[in-house]
Amino acid sequence: MNEQQEQLLNEYLDGTLNEAEQQAAETLLATSAEARAFFAELQQMFIALDELDELPLMTDLSAQVMTQIVAEPATSERWIRWILLAQIAVASLVIMQLWPTLQGWLLRSQDVIATQLNTFTWPELTIWQEIVAWVTAVLNQLTNATPTLNLASGQWSLLIILAFVAWLASNRFLVSNQNEV
Amino acid sequence: MAEATDQDLLTQAQQGNHVAFGQLVSRYQTAVFNSAYRILGRRQDAEDAAQEAFLRAYRAIDRFDVKRPFAPWIKRITLNLCLNHLALAQTKTQVVATDLARPEDNEAPDMDQWTHQTPTPEQTMEKQERHKQLRAGILALPPNYRAVLELRHFQELSYEEMAKVLERPLSSIKSDLFRARKLLAQTLKSKI
């Protein structure tokens, strides 16, 4: 009997064969004494494994586990998420307050670069100007005393996505492998 | 009063009830210990692995879907822990004769047996000897073979589920399972 036939009988006993394969296994068993002897041994092993008793546990693990759980830091994941959200909110407010200063610095930097490189035409500078103009438009609207709903939905969506990614990045979901299974 | 279901205990544990989680530990500690013992082969290592598995489960309890059964999840954690332990040790587990011969490793006497059908002492000893040889045979296998036997015969996973748990191709899982059974059969035959 070859290895393929042995595997067929293993799967037959595991109950994972389709109809045609079952038929092939049954034909093999009907025609080969060697296959029948192998199958009988396999069945005996299956029964022995099924009958294997559990060993008794001599210590109570629950007491030890509970002791360690109680000693663990009190801050649960739930609270960590709220803390992270609060941090992102505070960071956003700070950025909004500082934005006029940052904007001024960016524009001055842009002027310096443009002055010094006025003999060159750089496509990258145009792209940089467009990025600065876009970001400025978004954050200018956010620094209004009352946030308006006139901000383009795309800009709001992008802001929300960026905030969510920042939340995920500082959360364990993205960077740590906590998935035990 | 009806005993709390696993789902009830898990929900309470997610709400911060440590005692509820403790009840889950009590309920499954023997099964988890045995799962670890079948892979590691040493009582102390198995107890340590079982304890660590429950701690990891507790830390991840917030992310667990309580509608899923707890037993397969905790056993999977245990299996991964044991395989990582063996990989770090990078040694084939030596089945220590004393681990199998200690009286406390044999079945605790079950008083319920002493009612109508009491096996004779000889039958009990024969059964204990067969089980001891079977455990030794399993522990003599390489870790990946022990893992597939554990998942198929003791956790009753399908081939596809085993492939997912062990993160290996289906063909590799089938091949390991068949070879594990073949090796185990040869080992048991040689002991007769």
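All chains are named by letter (A, B, ...) in the order of the sequence lines, taking the proteins before the strands, and each is independently numbered beginning at 1.
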Can you tell me which portion of L24(B) sits under 4.5 Å from chain A's heavy atoms? Options are side chain, backbone, both or neither. neither
Let me know if A53(B) has heavy atoms under 4.5 Å from chain A in its side chain, its backbone, both or neither. neither
Working to the nearest 0.5 Å, report the span between CG of L61(A) and CD of E47(B). 6.0 Å
Give the intermediate values and the outcome of side chain to side chain contact (heavy atoms under 4.5 Å, CB included) for residues H153(B) and L52(A). CA-CA 10 Å; H153(B) 288 277; L52(A) 190 62; over 6 Å; no
Could you look at I138(B) and say if it's the side chain, the backbone, both or neither that has a heavy atom under 4.5 Å from chain A? side chain
Search all heavy atoms of L49(A) against all heavy atoms of F154(B) and return the closest pair with its distance. O-CE2, 3.6 Å
Test Q68(A) against E52(B) for side chain to side chain contact (heavy atoms under 4.5 Å, CB included), laying out the working first. CA-CA 10 Å; Q68(A) 293 205 39; E52(B) 181 62 25; 5.6 Å; no
Do V25(B) and M66(A) pass the side chain to side chain contact (heavy atoms under 4.5 Å, CB included) test, and can you show the C-alpha distance, the side-chain angles, and the key distance before you say yes or no? CA-CA 9 Å; V25(B) 175; M66(A) 294 303 292; 5.7 Å; no
Check step by step if side chain to side chain contact (heavy atoms under 4.5 Å, CB included) holds for E3(A) and F178(B). CA-CA 9 Å; E3(A) 197 172 276; F178(B) 305 149; over 6 Å; no
Partners of F54(B) by ring pair (Phe, Tyr, Trp, His ring centres under 6.0 Å), sequence neighbours excluded? none
Chain B contact residues among residues 6-30 of chain A, heavy-atom distance under 4.5 Å: E6(A), Q7(A), N10(A), E11(A), D14(A), T16(A)
If you round to the nearest 0.5 Å, how far is OG1 of T30(B) from CD of E54(A)? 6.5 Å
For M1(A), I'd like to know if atom CE has over 12 heavy atoms of other residues, nucleotides or ligands within 6.0 Å. yes
Heavy-atom check, side chain of Q29(B) versus side chain of V65(A), under 4.5 Å: no
By a 4.5 Å heavy-atom criterion (distance strictly below it), what part of K164(B) contacts chain A: side chain, backbone, both, or neither? neither
